[in-house]
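Right, one structure below, let's go through it.
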Amino acid sequence: MPPDIHSEEFLHRLMRRQLRLSISIAVTFGIVLLGLPLANYFAPELMAIRVAGFTLSWLVLGVLFFPMVWILSWIFIKASTALEKEEADSIKRPPS
Amino acid sequence: MDPFIPTFCGLMVMVTIGMGFWAQRKSKTAHDFYVAGRSVSVGWNASAISGEYLSAASFMGVAGMVMNVGYDALWYPVCYACGYLFLLLFIAGPLRRFGAYTIPDFAEGRFDSPLFRKIAVIFVLFIGFFYTMPQMKGAGVALGFIFEKMPYWCGVVVVGAVITFNVAMGGMKGITLVQAFQYWVKMFAISIPVFVLMSVYGGYGKQLELNHAAHDTVVQTLQIERPKQAPADEKWLGPFGNLTSKPAAKAGLNIEEQKPFALLYTYSLIIALVCGTAGLPHILVRFYTNPDGMAAKRTTFWVMILIGVFYLFPPILGALGRNILPELYAQSGYKGTDGVVLKLPLILNAKSGFIPWGSIFSGITSAGAFAAFMSTFSGLLVSLTGALAHDIYGRILKPRSTEKQRLNAFKICAVLCGAVSILLGLMVESFEINKMVGWAFAIAATSYFPLLFLSAWWRGMTMKGAAAGMLTGGLLSLLAVVSTMLADQAAWARPLADYYVTHPLARTLAEQPAIWGLPLAIALIARCPL
């Protein structure tokens, strides 16, 4: 069997790009997740503001967090699918 | 006793057993038993993973904790759901790409080392049985509560026997169907009573409005009589309450001095829950049932939606419980706040006429709790059985076994693991459930998660580094949490208890070890000198 350089290289590049995508989403999420305790700590008056009965802090953590995670994962899956397709297309076309 | 509770619970068990028989006809090959023929569709698999993940701790424990400590407890449902984002981003795709049956397969394939398979198997079994104990204890205690005077061992044996039967009959394929069904039972059982209660007693926001936070500008409208064990409004509604500031409060610090320790506690808790979710072997094993990496990602997305929607409800029950059933604060365990999910619907009886709606809804939530014990335990049993039958029998003891032998091995190992789980469950009657679940998460976050994360993405990882990091991180975290338990309970550990009282920082770090355990494990994996 001939050495399959193409697929190895393909996988490497795909993995690098996937990792970069994953990290950028994780950083966005991390800022919100780790920022909320900081907001609670440094701006307690702000986080105690009432919104429809909820305190702001409770509203963010108990309700809004879930849709935020859904949106982030939706973006990730879209981008990751597009990425795989793009790489696969570029490999199908023979290098000129 | 209300006739509805035993009726609905009985129905739940009968349907589960029935599905076991049905699955037996569907599952024929060893492939079906170990990875469900690797052909589970995204919808079924997402429901099944969610059904497996929402354990009794989620179904009853989260509502009880929110009622008991308030805001701080919200981190649990949120991080349980968010952990899946990390699974999606870093682990779901690559794990499936390696094309293995189990995590030990992955470990051996990645490092080309049978020794590493053995280490990984031991960890799967260890975390698995560790996580089984609280499920068993939950089943025993809750059944004793639902059916008054039922002895503790009864619940453990009933749940253990039914699920062992199911796993031995249908393997992973059978269990997938049962767990998917049980997810929808749980979703229905928690959401319907919440909607009905909110329509009678007022919505989520209104329940929170009745509590007065520190820094609050809203004038307090109603003072509810609560037993003295209930936390004060400010501590309950605001962050850094009784859960996270406990070590500092014990040391006698004032409220402002407690806050830095509470912040540290919060961060460590977040890391343990998020990374622990991404490192629980019985959840990960499910990703092997997907046809390919893309399906694995899509499954994870739907899991996040399904469990996210579910986790909106338990905190509402907790908030409702604080306002309309404050008597529960005066008692502890399932007689107190832990039983709020089962007890709260009963108050509707007073408001309804001829038809006892309260009892009916209580019966529905009880059946949901039953589904919770059964589905989580069945997932654990499949992953334990897989480790024993595939990794130990199929790969180490008898690598040349035939298809039929492997099938029989699975069934025998299922019965074996089920029996061990029942025995373990019988021994842990005096342990605290939430603590045990927390330990399992802390250990997974400091051992399995760094291993999976780095081995999927970093080519330079060595086998010795991986083993050193995983073992050191996991064992030190375990030691730390066990030391806090001994300090609380054992008489001979008195000096340790005294030390923890005067050193709130040490106590916080020992109770929530993820914040130092995870970096330690990663550092050892990355910089192992060997």
Side-chain angles (χ1 to χ4, degrees), chain A residues 11-12 14-16 18-30 32-34 36-81 83-85, chain B residues 66 70-71 74-75 77-79 81-82 84-86 88-90 93-94 97 202-211 213-218 234 237-240 244 259-260 262-264 266-267 270-271 274 293-294 297-298 300-301 304-305 307-309 311-312 315-316 319 456-457 459:
Chain A
L11 195 67
H12 260 242
L14 185 64
M15 272 180 70
R16 248 200 327 273
Q18 287 275 16
L19 185 61
R20 208 172 304 143
L21 172 68
S22 294
I23 287 175
S24 61
I25 302 249
V27 167
T28 317
F29 172 68
V32 182
L33 182 71
L34 301 179
L36 183 60
L38 282 184
N40 285 335
Y41 189 84
F42 289 109
E45 291 89 356
L46 174 75
M47 300 312 281
I49 290 174
R50 294 282 181 163
V51 185
F54 296 87
T55 59
L56 187 58
S57 188
W58 192 298
L59 185 69
V60 171
L61 186 59
V63 181
L64 297 180
F65 239 85
F66 298 108
M68 180 196 78
V69 173
W70 299 334
I71 292 167
L72 281 179
S73 52
W74 173 250
I75 294 170
F76 172 74
I77 288 180
K78 281 274 135 185
S80 146
T81 314
L83 228 158
E84 267 173 37
K85 197 172 169 303
Chain B
V66 169
Y71 180 90
L74 285 177
W75 289 108
V78 169
C79 295
C82 294
Y84 277 90
L85 185 66
F86 274 71
L88 173 70
L89 294 178
F90 297 112
R97 240 195 337 257
Y204 196 1
K206 192 178 159 230
Q207 299 303 328
L208 295 176
E209 212 165 27
L210 298 178
N211 295 284
H215 307 287
D216 215 338
T217 46
V218 177
E234 306 85 56
L237 190 65
F240 312 126
T244 53
K259 276 177 84 180
L263 184 68
L264 181 69
T266 307
Y267 275 131
I270 292 172
I271 294 171
V274 170
M294 204 18 103
K297 284 180 189 166
R298 242 180 257 132
T300 321
F301 175 71
M304 270 190 276
I305 302 244
I307 60 178
V309 172
Y311 277 132
L312 280 173
I316 306 180
W457 294 103
R459 282 167 172 260

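In what follows, chains are A, B, ... by sequence order, proteins preceding strands, each numbered from 1.
Residue contact with chain A, scored on non-hydrogen atoms closer than 4.5 Å, involves the backbone and the side chain of B:Val309 alike. The parts of A:Ala26 that come within reach of chain B are both its backbone and its side chain, each placing non-hydrogen atoms under 4.5 angstrom from that chain. Within the 4.5 angstrom heavy-atom criterion, only side-chain atoms of A:Phe65, from C-beta onward, approach chain B.
Nearest approach of B:Phe240 to A:Pro37, heavy atoms of both residues: CZ-O, 3.7 Å. The two residues A:Phe66 and B:Pro77 make their nearest non-hydrogen contact at CE2-O, 4.1 Å. The minimum heavy-atom distance linking B:Leu208 with A:Gly53 is given by the pair CB-O, 3.8 Å. Residues A:Phe76 and B:Lys297 come closest through the heavy atom pair CE2-CD, 4.1 Å.
The side chain to side chain donor-acceptor pair (under 3.5 Å) check on B:Tyr311 picks up B:Ser58, with sequence neighbours excluded. For B:Thr266, there are no side chain to side chain donor-acceptor pair (under 3.5 Å) partners two or more places apart in sequence or in a different chain.
By number of non-hydrogen pairs under 4.5 angstrom with chain A, the leading residue of B:Trp75, B:Phe301, B:Tyr204, B:Tyr71 is B:Tyr71. With chain A as the partner, the residue from B:Gly203, B:Pro315, B:Cys82 showing the most heavy-atom pairs under 4.5 Å is B:Cys82. Ranked by non-hydrogen atom pairs under 4.5 Å with chain A, the options B:Ile270, B:Leu312, B:Ile307, B:Leu263 are led by B:Leu263. Taking chain B as the reference chain and counting heavy-atom pairs below 4.5 Å, the highest number among A:Leu59, A:Val51, A:Val63, A:Ile77 is found for A:Ile77. Ranked by non-hydrogen atom pairs under 4.5 Å with chain B, the options A:Val69, A:Ile25, A:Leu61, A:Leu38 are led by A:Leu61.
Interatomic distance, CG of A:Leu72 versus CG of B:Leu85, reported as 6.0 Å (0.5 Å rounding). Between the CG atom of B:Leu89 and the OG atom of A:Ser73 there is a distance of 8.5 Å, given to the nearest 0.5 Å. One distance of note links NZ of B:Lys206 with CZ of A:Phe54; it measures 13.0 Å at 0.5 Å rounding.
With contacts defined as side-chain heavy-atom distances shorter than 4.5 Å, the pair B:Pro260/A:Tyr41 qualifies.
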